[in-house]
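Here's the structure we're looking at; comments come further down.
In the text below, chain A, chain B and the rest are named by the order of the sequence lines, each starting its count at 1. Computation of the quantities below employed the complete heavy-atom set of this structure, encompassing side-chain atoms and omitting hydrogens, waters and symmetry-equivalent molecules.
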2 protein chains.
Amino acid sequence: MTTDSSAEESPSRGKRADAQRNRQTVLAAAAEVFVTSGVDAPIRQIAAQAGVGMATIYRHFPTRADLVTAVYRHQIEACAEAGPNLLASAGSPLDALRQWIDLFVDFLVTKHGLADALQSDNDRFAALHAYFLDRLLPVCTQLLDAAVEADDIRPGTQPYELMRGIGNLCIGSDNDPRYNPRRLITLLLQGLQRPHGS
Amino acid sequence: MTTDSSAEESPSRGKRADAQRNRQTVLAAAAEVFVTSGVDAPIRQIAAQAGVGMATIYRHFPTRADLVTAVYRHQIEACAEAGPNLLASAGSPLDALRQWIDLFVDFLVTKHGLADALQSDNDRFAALHAYFLDRLLPVCTQLLDAAVEADDIRPGTQPYELMRGIGNLCIGSDNDPRYNPRRLITLLLQGLQRPHGS
DNA sequence: GACAAAGTGGAGCATCGCTCCGGATACTAA
DNA sequence: TTAGTATCCGGAGCGATGCTCCACTTTGTC
């Protein structure tokens, strides 16, 4: 993480120049298409937007999950890195947890269909699911542990289950003013708080 | 509800005998296929299982939601009717709400992919969504209101949002021992309970 | 400039949703 | 019983999509 241009990931280093160029073109096209058509957009459409053949996309990103992961990689990293920072800056571990979950929810609800894809029972997105877990589960665990340690919330909650639940609650939150996942997540966190009497 | 044979719904009364027979055949085949392949199973597969052509299925059940609705109609009705009964038999309105939600969750998690379908952002299942709301939302509202009235839970919760959230939490709960939606739903209900001090 | 390795594009196959229409079937009237 | 007709049925067929395969092109190197 020294310069911006080194943000090119290993998959493109050492490859031919045209291959690297195409990789970036596809990434940009996919990002654009995802905004309007969701992460389930036809590969053909992304290929057309990028001006390349379908095979080029499949070569660089064997599964759809690889493509989605690459497109949102930076934002996922940012979310992961925000965890420890919040723990240091927030008033309490519980506040840090709250704010981090807010970030996570922000990320999910602004990507059309991403939450749906994450929890999809078909395993087309298994790799994406794995990547999310890899990067975010440790952060969530740390925040949860800190909150338990500070006696803010009751112990015993599984981080995986919590993250999965939050992701699930974000599904389909677009275009339905009657459904706001944040309210339910607030409720969930309230249920998590230790009853100070017992 | 006088005899079993009167369980035939209006869509099949007054039709030709073979049409009624086919309708039942398709329903049975769909129920069977849904168990193994989920509610997203290809129409061709259901047609093959029933030994009829695809057009026959589309004729009787124009949309997939119509078919799913017909298959699970009785169970949805049973869930709807259980609401008032629980309110009468349970120790408190909150207990009734808890037990009813338990029934609802039971129904959702035992149908492969049904929860997913319910909240799907594509509107292939819009009619199913509507039917669920039609039958269950009033029941949920009644239970929620009773619990608020009894001072068991805080006021202000939207029944639609709660049901939607519970449905979302049930998504993808098959084949993942690490994820149990019931634990999260318990947490949610705990957050719903009125803090007795304030 | 020639050569091999690496990369590319789109035709092609399979699957699935949904429609369309020639033919089969069940009721009815004589 | 036998036509006659309204109703119903089956599966071929079309368009969309995921993914693969391979002849052709481009790049880097000697």
Side-chain angles (χ1 to χ4, degrees), chain A residues 8-30 33-34 36-68 70 113 116-117 120-128, chain B residues 8 10-30 33-34 36-68 113 116-117 120-128:
Chain A
E8 307 313 317
E9 299 299 334
S10 42
S12 62
R13 219 196 299 276
K15 304 277 177 168
R16 254 168 54 172
D18 57 343
Q20 295 183 36
R21 214 180 318 127
N22 270 336
R23 188 175 199 277
Q24 290 308 115
T25 306
V26 167
L27 233 34
V33 170
F34 285 171
T36 60
S37 304
V39 294
D40 263 316
I43 295 291
R44 273 178 176 80
Q45 186 180 342
I46 300 171
Q49 169 80 25
V52 303
M54 285 183 301
T56 299
I57 297 185
Y58 280 109
R59 197 169 310 108
H60 286 293
F61 309 99
T63 75
R64 198 184 213 81
D66 293 322
L67 180 56
V68 176
D116 306 51
S120 184
D121 50 351
N122 88 36
D123 51 341
R124 217 177 0 150
F125 288 99
L128 180 61
Chain B
E8 307 313 317
S10 43
S12 60
R13 219 195 300 278
K15 304 278 176 163
R16 258 170 53 172
D18 56 343
Q20 295 183 38
R21 214 180 319 125
N22 271 335
R23 187 175 200 277
Q24 289 309 113
T25 306
V26 167
L27 233 33
V33 170
F34 285 171
T36 60
S37 304
V39 294
D40 262 316
I43 295 290
R44 275 179 175 82
Q45 186 181 343
I46 301 172
Q49 168 81 26
V52 303
M54 285 183 301
T56 299
I57 298 185
Y58 280 109
R59 199 169 305 111
H60 287 294
F61 310 98
T63 75
R64 198 184 213 85
D66 294 321
L67 180 56
V68 177
D116 306 50
S120 184
D121 50 350
N122 87 36
D123 51 342
R124 217 178 1 152
F125 289 99
L128 180 62

**OP:** Determine the minimum heavy-atom distance between A:I46 and A:I57, stating which atoms define it.
**Re:** CG2-CD1, 3.8 Å

Subject >> DNA chain D contacts made by residues 49-57 of chain B, counting heavy atoms under 4.0 Å >> reply: B:G51, B:V52, B:G53, B:M54, B:A55, B:T56

Original post:
Earliest and latest nucleotide of DNA chain D, 5' to 3', sitting under 4.0 Å from a non-hydrogen atom of chain A?
Top reply: D:dT17 to D:dG28

Original post:
For B:F61 and B:L27, which heavy atoms make the closest approach, and how far apart are they?
Top reply: CZ-CD1, 3.5 Å

**OP:** Would you mind building the protein contact string for nucleotides 25-30 of chain C? One character per nucleotide, 5' to 3', B for base within reach (heavy atoms under 4.0 Å), S for sugar-phosphate only, - for untouched.
**Re:** BSS---

Subject >> Contact summary for B:V68 and B:F125, nearest pair of heavy atoms >> reply: CG2-CE2, 4.0 Å

Subject >> salt bridge (charged side-chain N to carboxylate O under 4.0 Å, His left out) partners of A:R21, counting only residues at least two apart >> reply: none

Original post:
Of all residues at least two apart in sequence or in a different chain, which pass the salt bridge (charged side-chain N to carboxylate O under 4.0 Å, His left out) check with B:R124?
Top reply: B:D40

Original post:
Considering the options B:V39, B:V26, B:L128, which one meets the side-chain contact (heavy atoms from CB on, under 4.5 Å) requirement together with B:L67?
Top reply: B:V26

Subject >> Test item: side-chain donor near acceptor, A:T25 and A:N22, under 3.5 Å >> reply: no

Original post:
Are any of A:H60's side-chain N or O atoms less than 4.0 Å away from OP1 or OP2 of C:dG7?
Top reply: no

Subject >> Rounded interatomic separation in angstrom, taking CZ from B:R44 and P from C:dA14 >> reply: 14 Å

**OP:** Looking only at non-hydrogen atoms, find the nearest pair between B:Q20 and B:K15 and report the distance.
**Re:** NE2-O, 3.0 Å

Original post:
What is the distance from CD1 of B:I46 to P of C:dC16, rounded to the nearest Å?
Top reply: 12 Å

**OP:** Grab the CZ-P distance between A:R59 and C:dG7 for me, whole Å please.
**Re:** 8 Å

Subject >> Atom-pair distance (CZ on B:R124; P on C:dC16), nearest Å >> reply: 12 Å

Subject >> Listed once per pair and sorted, the side-chain hydrogen bond (donor to acceptor under 3.5 Å, both in side chains) pairs that draw on residues 48-59 of chain A, sequence neighbours left out >> reply: A:E32-A:Q49

Original post:
Can you check whether B:F34's main-chain N or O pairs, donor with acceptor, with B:S37's side chain at less than 3.5 Å?
Top reply: no

Subject >> Given DNA chain C, 5'-ward residue of the pair B:D40 and A:A19, judged by closest heavy atom >> reply: A:A19

**OP:** Return the value, rounded to whole Å, for the distance between atom OH of A:Y58 and atom C1' of C:dC13.
**Re:** 13 Å

